[in-house]
S.K.: 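Take this structure, written in structure tokens, and hold onto it; I'll ask about it next.
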Amino acid sequence: MTEQPEKLIFPQNFDIKVIVAATVPIEESKANISRVFNECKTVHSFVSARASAKGNYITYTYNIDLDSQEQMNAVYDGLKSVPEIKFAL
């Protein structure tokens, strides 16, 4: 018997990490990420940026507020549409 994952209860506030190819300038990447949050009407604030050991990737951390599952899905779908973003957690 498998356990069912816990259902998220909204609103939610959490830190999201967005991993981006380091070939794109930092300000451009941050603008692209913020654009997605703004399009999804997601309250957000930049927390930090950290380069990978070899410098190939940069991880951006943002604190976001989500009001619904639909808004969360829209944020992740929007982030997938940005070419330099490798993945988001």
Side-chain angles (χ1 to χ4, degrees):
M1 183 178 222
T2 60
E3 287 186 37
Q4 295 294 321
E6 286 187 41
K7 186 171 181 154
L8 289 176
I9 299 172
F10 291 91
Q12 282 282 321
N13 173 276
F14 65 94
D15 287 346
I16 186 171
K17 294 186 183 292
V18 182
I19 293 81
V20 177
T23 55
V24 177
I26 290 173
E27 291 308 315
E28 184 179 338
S29 289
K30 286 174 64 179
N32 290 338
I33 294 166
S34 287
R35 177 184 45 78
V36 170
F37 293 145
N38 289 333
E39 288 173 355
C40 296
K41 297 177 177 50
T42 303
V43 175
H44 64 283
S45 61
F46 175 76
V47 175
S48 66
R50 182 176 165 199
S52 65
K54 293 184 180 180
N56 296 327
Y57 302 98
I58 299 175
T59 300
Y60 297 99
T61 303
Y62 284 83
N63 184 269
I64 62 173
D65 291 329
L66 297 172
D67 295 324
S68 66
Q69 180 71 47
E70 293 77 20
Q71 185 182 31
M72 184 172 83
N73 294 343
V75 166
Y76 281 105
D77 288 343
L79 291 172
K80 287 178 191 176
S81 73
V82 180
E84 70 264 20
I85 294 177
K86 299 305 176 187
F87 57 93
L89 322 165

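Keep in mind it's a predicted model, so treat the numbers as computed, not measured.
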S.K.: Taking a hydrophobic cluster as the set of Ile, Leu, Val, Met, Phe, Trp and Tyr residues connected by side-chain heavy atoms closer than 4.5 Å, whether directly or through intermediates, do L79 and I26 fall within one such cluster?
M.R.: yes
S.K.: Establish, for the pair K30 and F46, whether the NZ or CZ atom is under 6.0 angstrom from the six-membered ring centre and no further than 45 degrees off its axis.
M.R.: yes
S.K.: So if you build clusters from Ile, Leu, Val, Met, Phe, Trp, Tyr with side-chain heavy-atom gaps below 4.5 Å, do Y57 and L89 land together?
M.R.: yes
S.K.: Which pair of heavy atoms, one from Q69 and one from F10, lies closest together, and at what distance?
M.R.: N-CE1, 3.5 Å
S.K.: Hey, mind stepping through H44 and N38 against side-chain contact (heavy atoms from CB on, under 4.5 Å) and telling me if it holds?
M.R.: CA-CA 8 Å; H44 64 283; N38 289 333; 3.1 Å; yes
S.K.: Go through the steps for V20 and I33 under the test side-chain contact (heavy atoms from CB on, under 4.5 Å), then give the verdict.
M.R.: CA-CA 10 Å; V20 177; I33 294 166; 4.1 Å; yes
S.K.: Mind checking the OG-NZ spacing from S48 to K17? Nearest 0.5 Å is all I need.
M.R.: 5.5 Å
S.K.: Of the options V36, V18, I19, which is the one that meets I85 in a side chain to side chain contact (heavy atoms under 4.5 Å, CB included)?
M.R.: V18
S.K.: When rounded to the nearest 0.5 angstrom, what distance separates CG in L66 from CD1 in I16?
M.R.: 7.5 Å
S.K.: Which pair of non-hydrogen atoms, one from G78 and one from S81, has the smallest distance, and what is that distance?
M.R.: O-OG, 2.6 Å
S.K.: For residues F87 and Y60: do they belong to one hydrophobic cluster (side chain heavy atoms under 4.5 Å, members Ile, Leu, Val, Met, Phe, Trp, Tyr)?
M.R.: no
S.K.: Return the SG to CZ distance between C40 and R35, rounded to the nearest 0.5 Å.
M.R.: 9.5 Å
S.K.: Side chain of Q71, backbone of D67: donor and acceptor closer than 3.5 Å?
M.R.: yes
S.K.: In Å, rounded to the nearest 0.5 Å, how long is the span from CE of M72 to CG of D77?
M.R.: 10.5 Å
S.K.: When the ring planes of Y62 and F37 are compared, do they come out parallel, tilted or perpendicular, using 30° and 60° as the limits?
M.R.: perpendicular
S.K.: Restricting to non-hydrogen atoms, name the atom on G55 and the atom on A22 that form the minimum distance, rounded to 0.1 Å.
M.R.: O-CB, 3.2 Å
S.K.: Are L8 and I64 joined in one hydrophobic group, where the rule is that I, L, V, M, F, W and Y side chains link up if heavy atoms are under 4.5 Å apart?
M.R.: yes
